[in-house]
Amino acid sequence: MRSRFLTASAVLALAAGLTACGSTPESTTPSADAGPVKLTVWVMRDSFTDGVISRFKSDFEARHQGTTLDIQIQEWDGIGQKVTSALASNDAPDVIEVGNTQVAEYAASGGVKDLTDKVAELGGTDWIPGLAEPGKIDGRQFGIPWYAANRVVIYNKDLFEKAGIAAAPKTRDEWIEVTTKLNKGGTQGIYLPGQNWYTLAGFIWDEGGDLAVREGDQWKGALDTPQAIAGIGFYQKLQALGEGPRDSDEAKPPQADVFAKGDVAQLISSPGGATAIEKANPELAGKLGFFPIPGKTADKPGAVFTGGSDLIIPAASKNPDAAYEVVKALAGEKFQLDMAKEMSYVPNKASFAGVLSGSEGAAAMAIGATNGHATPNSPNWAAVEAKNVIKEYMTKVLTGGDPATESAAASQVITDILNTKS
């Protein structure tokens with residue numbers, strides 16, 4: 001499976017702002033399907049604020065008279081099996097947001113509409129290099145690139161000032177020192193749930209390790225290497241400087257809501273997480289700062305997973321023409337600019353790049369992207385995610401399990417999954 005990896009140069013160019021070029025106009029005509037149409041669109045939890053979704057729905061329905069959008073929010077946990085089942089059914093949604101590690105698996109099922117003949121109309125030659133590739137399988141475009149992002153640290157400026165911290169940390173050691181200083185007097189130094197596995201992956205990559213490695217034509221889980229064990233050791237040290245749950249991820253409870261209470265100094269999120277925080281607590285508007293996840297040395301930021309989402313149309317959609325109009329609008333200029341402004345995500349075209357200029361969150365994201373990585377390039381990687389192998393491993397270690405024992409067990413599970421023949 002191809003994982004979305006936005007190249008560092010692409011993200012840096014976006015953050016700096018590029019010279020705008022022409023873009024494909026969005027449709028303002030009714031959908032091609034005759035009569036009233038109700039379209040079901042699956043969007044993942046926390047991808048966008050309610051405002052972004054609401055504005056798109058209102059605008060699309062106004063432009064496409066007789067078409068109603070039923071936008072349903074989906075949970076990441078268990079989404080792989082849910083999408084697979086939907087693609088194999090006769091009652092599939094019309095448009096689905098899928099993660100960057102999932103497109104190839106879904107396309108292989110035969111249940112995804114081939115959109116190759118729409119690439120030119122969608123302005124595919126302007127898609128960000130490296131952003132379109134995960135949706136392109138054996139030369140055919142099944143997934144349409146939607147947005148990309150990587151994680152940064154969002155911090156409460158008032159709590160930093162109160163603790164006498166004048167500058168953001170540049171190294172891991174400084175980060176631990178600063179977070180320890182913040183973690184007192186009723187303040188959590190950092191809110192880091194125990195199952196934030198993308199963050200763990202960054203720490204493992206920083207140590208020179210990986211989640212899995214390919215040996216010839218076989219894959220091998222790599223959580224049991226010294227480098228990976230060092231990575232979870234750092235995660236454990238940082239996670240202890242707050243009250244994040246050890247047995248859940250960023251969505252349970254929503255970490256933006258926890259941060260919004262005002263007693264958390266830092267969390268790890270895409271820059272768009274700040275919008276959700278400010279919505280939950282408007283008093284924090286203007287009081288949030290951003291910095292790249294620190295690396296082991298000051299001259300290199302911490303490693304991050306640089307990914308995003310694609311849009312697919314199930315082959316079983318009862319309204320494929322109307323579904324394409326939704327994809328076209330979501331991938332088009334109006335939505336992309338609105339989304340990028342509010343969420344600080346990287347839009348899908350170079351010509352939309354200027355919208356990120358001057359954004360503190362986007363600047364931090366761009367710096368982090370210089371040390372960006374992707375998950376293992378295996379067609380079975382989505383199955384590893386679906387089974388929550390790494391999440392469960394993390395909880396076991398953080399609740400007292402022996403790292404060597406637990407990492408060996410988790411690595412074996414990953415090995416077995418990656419080498420399973422479909």
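Just so you know, residue 1 is the first one in the sequence shown, and it goes up from there.
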Any non-hydrogen side-chain atom of L211 less than 4.5 Å from a side-chain atom of P376? yes
Given the options T199, L223, I232, I204 meets side chain to side chain contact (heavy atoms under 4.5 Å, CB included) only with L223
Just by distance, with hydrogens left out, do K82 and Q74 show a side-chain donor and acceptor under 3.5 Å apart? yes
Would a 4.5 Å heavy-atom cut-off, applied to side chains only, mark H373 and F305 as touching? no
E250 and Y198: side-chain donor and acceptor closer than 3.5 Å? no
Test your reading of the model: is there a side-chain donor-acceptor pair from S89 to the backbone of A86, 3.5 Å cut-off? yes
When rounded to the nearest 0.5 Å, the distance separating OG of S344 from CD of E360 is 10.0 Å
Let's go through Y191 and F259 carefully: what are the C-alpha distance in whole Å and the side-chain angles of both, what is the deciding distance for ring-ring contact (aromatic ring centres under 6.0 Å, His included) to 0.1 Å, and is it a yes or a no? CA-CA 8 Å; Y191 182 80; F259 192 96; 9.0 Å; no
Which heavy atom of V43 sits nearest to which heavy atom of F48, and what is that distance? CG1-CD1, 4.1 Å
Can a salt bridge be assigned to the pair K318 and D94 using a cut-off of 4.0 Å between side-chain N and carboxylate O? no
Derivation of the side-chain contact (heavy atoms from CB on, under 4.5 Å) call for V397 and Q236: CA-CA 8 Å; V397 172; Q236 190 169 23; 4.1 Å; yes
State the CD1-CZ distance between I165 and F160, to the nearest 0.5 angstrom. 5.0 Å
Report the distance from atom OG1 of T67 to atom NZ of K38, rounding to the nearest 0.5 Å. 13.0 Å
Please check if atom NZ in K113 has more than 12 non-hydrogen atoms from other residues, nucleotides or ligands closer than 6.0 Å. no
From CG (L330) to OH (Y147), nearest 0.5 Å: 11.0 Å
Flag the pair L87 / V83 as yes when at least one side-chain heavy-atom distance between them is below 4.5 Å, and no otherwise. yes
Is a salt bridge present between E215 and K220, judged by a nitrogen-to-oxygen distance below 4.0 Å? no
N281 side chain to K261 main-chain N or O, any donor-acceptor pair under 3.5 Å? no
Point-to-point distance, once rounded to the nearest 0.5 Å, from CD1 of I293 to CH2 of W175: 5.5 Å
With side-chain contact (heavy atoms from CB on, under 4.5 Å) as the test, would you mind laying out the steps for W127 and I144 before giving the verdict? CA-CA 10 Å; W127 284 337; I144 301 303; 3.9 Å; yes
Flag, side chain of N156 to backbone of A265, donor-acceptor distance under 3.5 Å: no
Distance-only donor-acceptor check, side chains S109 and E105, under 3.5 Å: no
I73 side chain near M44 side chain, heavy-atom distance below 4.5 Å: no
Distance-only polar pair, side chains of S47 and Y345, donor-acceptor under 3.5 Å: no
Enter the distance from I414:CD1 to Y393:OH here, rounded to the nearest 0.5 Å. 9.0 Å
Is there a side-chain contact between L69 and V326, using heavy atoms and a 4.5 Å cut-off? yes
Tell me, yes or no, whether the heavy-atom count around E283 atom CD, taken from other residues, nucleotides or ligands under 6.0 Å, exceeds 12. no
Taking NZ, NE, NH1 and NH2 as the nitrogens, is one of them in K296 or D206 under 4.0 Å from a carboxylate oxygen of the other? no
Are D77 and K391 within salt-bridge range, i.e. N to O under 4.0 Å? yes
Quick one: do the D70 and Q72 side chains pair a donor with an acceptor below 3.5 Å? yes
Do E61 and K57 pass the salt bridge (Lys or Arg N to Asp or Glu O under 4.0 Å) test, and can you show the C-alpha distance, the side-chain angles, and the key distance before you say yes or no? CA-CA 6 Å; E61 291 177 350; K57 175 178 166 64; 2.6 Å; yes
K252 atom NZ, over 12 foreign heavy atoms within 6.0 Å: no
Side-chain H-bond candidate by donor/acceptor type, Q141 with T116, under 3.5 Å: no
Between E333 and F352, the two heavy atoms sitting closest are CA-CZ, 3.4 Å
Please check if the side chain of N419 supplies one atom and the backbone of W219 the other of a donor-acceptor pair under 3.5 Å. yes
Salt-bridged, E278 to K287, with N to O below 4.0 Å? no
Would you confirm whether the ring centroid of F290 sits within less than 6.0 angstrom of the ring centroid of Y155? no
Would I53 and T49 count as a side-chain contact (heavy atoms from CB on, under 4.5 Å) if you check the C-alpha gap in whole Å, the side-chain angles of each, and the deciding distance to 0.1 Å? CA-CA 7 Å; I53 293 296; T49 61; over 6 Å; no
Least distance between heavy atoms, P347 atom then M339 atom: CA-CE, 4.2 Å
Would you say the side-chain atoms of D224 and S407 include a donor-acceptor pair closer than 3.5 Å? no
Which heavy atom of A315 sits nearest to which heavy atom of G110, and what is that distance? CB-O, 4.3 Å
Are the side chains of Y324 and I313 in touch, meaning some heavy atoms are under 4.5 Å apart? yes
Considering non-hydrogen atoms only, spot the tightest contact between R151 and N196 and give its length. NE-OD1, 4.3 Å
Residues W381 and E385: side-chain donor-acceptor under 3.5 angstrom: yes
Go through E207 and R172 one step at a time and tell me if the salt bridge (Lys or Arg N to Asp or Glu O under 4.0 Å) criterion holds. CA-CA 12 Å; E207 297 290 347; R172 276 194 190 180; 2.8 Å; yes
Using a distance-only test with no angle check, is there a side-chain donor-acceptor pair under 3.5 angstrom linking S351 and D126? yes
Shortest non-hydrogen pair, P145 vs A331, comes out as O-CB, 4.5 Å
Between T179 and Q266, do the side chains contain a donor N or O and an acceptor N or O under 3.5 Å apart? yes
Should T68 and L39 be marked as a side-chain contact (heavy atoms from CB on, under 4.5 Å) after you check the CA-CA gap, both sets of side-chain angles, and the distance that decides it? CA-CA 6 Å; T68 302; L39 301 174; over 6 Å; no
Name the atoms and distances for all side-chain donor-acceptor pairs under 3.5 Å in residues 267-277, with sequence neighbours left out.
unit_1 : atom_1 : unit_2 : atom_2 : d
T275   : OG1    : E342   : O      : 2.7

Is there side-chain contact between F335 and D59, with at least one heavy-atom pair below 4.5 Å? no
Does S317 use its side chain to pair, donor to acceptor, with the backbone of P314 at less than 3.5 Å? no
Counting neighbours of CZ on R246 that are heavy atoms of other residues, nucleotides or ligands and sit closer than 6.0 Å, is the number greater than 12? no
Apply salt bridge (Lys or Arg N to Asp or Glu O under 4.0 Å) to R63 and E325, showing your working. CA-CA 10 Å; R63 289 170 176 260; E325 291 297 322; over 6 Å; no
Can you tell me if E243 has over 12 outside heavy atoms packed within less than 6.0 Å of its CD? no
Would you say that Y106 contacts V98 through its side chain, given a criterion of any heavy-atom pair below 4.5 Å between the two side chains? yes
Assess the side chains of D210 and W205: does a donor N or O sit below 3.5 Å from an acceptor N or O? yes
